[in-house]
Amino acid sequence: QLQASGGGLVQPGGSLRLSCVGSRTIFSASLMRWYRQAPGKQRDLVAEIFRSGYTNYSDSVKGRFTISRDNAKNTLYLQMNSLNSEDTAVYYCNAWAPSYNYWGQGTQVTVSS
């Protein structure tokens with residue numbers, strides 16, 4: 001239902017943009033979120049965007065990451081700037097509505113010199 005892409009290896013201070021494509025039915029009705037999970041840690045919310053465009057961010061990424069959505073393309077984005085080693089994790093996109101909760105397959109982001 002959701003396909004995430006855009007992860008990779010990046011040096012500290014670098015940038016990446018993640019994308020997540022979903023079906024029109026799911027995307028149009030959903031609150032969209034990005035989560036991440038580092039090795040040995042729980043999955044944490046990174047950012048969320050409502051259909052209206054209203055956004056929320058975790059304190060750890062505020063000012064560095066930007067979540068956006070293109071409803072016409074059924075695509076969710078996460079622009080990540082000023083990356084550091086603590087951002088290394090598998091990133092998951094999520095589509096939530098009262099009747100469902102879908103996850104993408106995850107994309108690995110590694111920040112290392």
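Note that the structure is predicted; figures quoted are calculated from it, not measured. If you read the sequence from its start, that first residue is 1, and numbering goes on from there.
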So how far is it from [X] [atom1] to [Y] [atom2], rounded to the nearest 0.5 Å?
X: R33; Y: N56; atom1: CZ; atom2: CG; value: 9.0 Å
X: Q1; Y: T25; atom1: CD; atom2: OG1; value: 9.0 Å
X: M32; Y: T55; atom1: CE; atom2: OG1; value: 14.5 Å
X: N84; Y: S112; atom1: CG; atom2: OG; value: 12.0 Å
X: Q108; Y: Q37; atom1: CD; atom2: CD; value: 11.0 Å
X: Q79; Y: I67; atom1: CD; atom2: CD1; value: 12.5 Å

Under the side chain to side chain donor-acceptor pair (under 3.5 Å) rule, what pairs show up with a residue in residues 61-72, not counting sequence neighbours?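 Matches after skipping sequence neighbours: D59-K62, R64-D87, R69-N71.
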
Applying a strict under-4.5 Å side-chain criterion to I, L, V, M, F, W and Y, I'd like to know whether V90 and Y35 cluster together.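 V90 and Y35: one cluster.
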
Do L45 and Y57 share a hydrophobic cluster (ILVMFWY, side-chain heavy atoms under 4.5 Å, transitive)?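 Per the 4.5 Å side-chain linkage, L45 and Y57 are not co-clustered.
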
I'd like to know if the side chain of T110 and the backbone of T88 have a donor-acceptor N/O pair within less than 3.5 Å.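 A pair under 3.5 Å: no.
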
Where [X] and [Y] come nearest, the two heavy atoms and their spacing:
X: A89; Y: R36; value: CB-CB, 3.8 Å
X: L31; Y: I49; value: CD1-O, 3.3 Å
X: G22; Y: L2; value: CA-CD2, 3.8 Å
X: A95; Y: I26; value: CB-CG2, 3.6 Å
X: L78; Y: W34; value: CB-NE1, 3.4 Å
X: L76; Y: C93; value: CD2-CB, 4.0 Å

Using the ring of each side chain (for Trp, its six-membered ring), is Y100 parallel, tilted or perpendicular to Y102, with breaks at 30° and 60°?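 Answer is parallel, since the angle falls under 30°.
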
Parallel, tilted or perpendicular: which fits the ring planes of W103 and Y92, with parallel below 30° and perpendicular above 60°?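 W103 vs Y92 ring planes: perpendicular.
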
Set out, in order, the CA-CA distance, both residues' side-chain angles and the distance that settles side-chain contact (heavy atoms from CB on, under 4.5 Å) for F65 and L83, then state yes or no. CA-CA 9 Å; F65 290 12; L83 287 161; 3.7 Å; yes

Derivation and outcome, side-chain contact (heavy atoms from CB on, under 4.5 Å), residues L18 and V109: CA-CA 9 Å; L18 306 183; V109 173; 4.0 Å; yes

Worked check of side-chain contact (heavy atoms from CB on, under 4.5 Å) between S19 and Y77: CA-CA 5 Å; S19 299; Y77 302 101; 3.5 Å; yes

Are any of the side-chain heavy atoms of P12 and V111 separated by less than 4.5 Å?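 In short, these two side chains touch, coming nearer than 4.5 Å.
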
Under a 4.5 Å cut-off applied to non-hydrogen side-chain atoms, are S15 and N81 in contact?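 When only atoms from C-beta onward are counted, N81 and S15 do touch, with a gap below 4.5 Å.
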
Distance-only donor-acceptor check, side chains S58 and S60, under 3.5 Å: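 S60 and S58 do have a side-chain donor-acceptor pair below 3.5 Å.
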
